[in-house]
Amino acid sequence: MEELSLVKNQIKEYIQECGDQKSCDLLEMLAEGKMLRSKLILKIAGVNDNSIKLCSVVEMIHAASLLHDDVIDESDTRRGKPSINALFDNKTAIMFGDILYSKAFTELSQMDKKIAHTVSSAVTLLSIGEMLDVDLTNNFNTSYDKYFDMIYKKTASLIEASAKAAALLCGKDEIAFALYGKNLGLAFQMIDDILDITQDSATLGKPAMLDFVEGKVTIPYLLLHERIEDKEKLESLYKKPLNEQESSWIKEEMIKNNVLIDSISQAQKLGLEAVEAIKMDENEDLKNIMNQMINREF
Ligand code: FPP
Ligand code: MG
């Protein structure tokens, strides 16, 4: 998508405006992402000055949240490359996150009030979501409600806000597009949680099957815990580094209990609900974004 390079250039310009060479250098070191939020915004609002600025603000917020997340998760890889905290240290990752985040807010403050409010309140939810995620790693969580509330806040809120803000930008139905973004975001996180189990580390760009070791009881583990007879064995592996035999046992039990298939169909259902919310827009591109997101491999 050619338009995405316009977003990348705009972000570069924003950081250059901060007048700090180290920030420009750090920006160059960030591994490129899928830019899902920008793709959505551009497909909803079209390509123009305002939509490119909105994309840049959202991508900078997203990048800041990942910089902080890698510190919180003590993760040394991001998208197949060493994370900034691994390359430098936690302090650098936090401070550069703060620079990206605050510059994004400076630009957001110059935008339409409703758009600024939509995006800024999503960042509060995002931060609460991260706190819930960390809190949920204290014990083996068996509550779907807690899982869904957490992934809504941690991941779907900013995607929801991106779609809603894009609709506001071009005068489309903001409620319908917010619902599209929300369901797409929920499905996105569920697919992420499934890929953690089904893909190898080379494909993921980070260690595979790490969620459970980190204490994250994601949708496949929730379903498995509900269905499996030997709950104690599953619980005994929680938050432990898994050897080959243990991770194979988990995967086999997941297959035996139809856990992966059912997790994928839950994500698909949310994806279809997303597309249903905006069917009046007759936008094939938004349908494709949903399908690609569901069928992705990393
Ligand atoms: C990745 O989750 C993390 C997020 C989607 C949100 C993180 C949010 C914050 C740290 C709040 C701070 C926000 C700002 C703007 C400074 P994950 O760990 O499940 O995914 P991963 O495997 O990609 O790391
Ligand atoms: Mg993380």
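Numbering of ligands and ligand atoms starts at 1, following listing order. In this text the structure is predicted, and so the values were computed from the model without any measurement.
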Between [X] and [Y], does any side-chain N to carboxylate O distance fall below 4.0 Å?
X	Y	value
E28	K12	yes
K269	E273	yes
D192	R296	yes

Assess G97 for proximity to ligand 1: is some non-hydrogen atom of it under 4.0 Å away?
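So G97 does not count as touching ligand 1.
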Please determine whether any non-hydrogen atom of H62 lies less than 4.0 Å from an atom of ligand 1.
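Contact absent.
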Which protein heavy atom lies closest to [atom], and at what distance to 0.1 Å?
atom	result
atom 16 (C) of ligand 1	H68 ND1, 3.4 Å
atom 20 (O) of ligand 1	D69 OD2, 4.2 Å
atom 7 (C) of ligand 1	E130 OE1, 3.3 Å
atom 22 (O) of ligand 1	K206 NZ, 2.6 Å
atom 12 (C) of ligand 1	S127 OG, 3.9 Å
atom 15 (C) of ligand 1	Y101 CD1, 3.4 Å

Side-chain donor-acceptor pair under 3.5 Å between [X] and [Y], yes or no?
X	Y	answer
E297	T203	no
Y180	E160	no
Q10	S56	no
D145	S143	no
H68	E130	no
D25	Q21	yes

Between the candidates S65, A63, S83, which shows the shortest non-hydrogen contact distance to atom 13 (C) of ligand 1?
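The nearest heavy atom belongs to S65.
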Shortest heavy-atom approach to atom 21 (P) of ligand 1 - which of K216, R78, M60, Q189
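The option holding the nearest heavy atom is R78.
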State which residues pass side chain to side chain donor-acceptor pair (under 3.5 Å) with T92; sequence neighbours excluded, sorted by chain then number.
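D89.
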How many protein atoms of type N/O/S are positioned less than 2.8 Å from the Mg ion (ligand 2)?
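That number is 2, waters not included.
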Can you find an N or O of D192 that's nearer than 3.5 Å to an N or O of ligand 1?
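No, there is no polar N/O contact under 3.5 Å.
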Would you kindly specify which portion of D73 sits under 4.0 Å from ligand 1, judged on non-hydrogen atoms: side chain, backbone, both or neither?
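It is the side chain that touches ligand 1; the backbone stays farther off.
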How does K154 reach ligand 1, by side chain, by backbone, by both or by neither, if only non-hydrogen atoms under 4.0 Å count?
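The answer is both, backbone and side chain.
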Does K239 qualify as a cation-pi partner of F212, given the criterion of NZ or CZ under 6.0 Å from the six-membered ring centre and within 45 degrees of its axis?
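That pair does not qualify as a cation-pi contact.
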Is the F105-Y101 ring centre distance short of 6.0 angstrom?
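Ring centroids of F105 and Y101 are less than 6.0 Å from each other.
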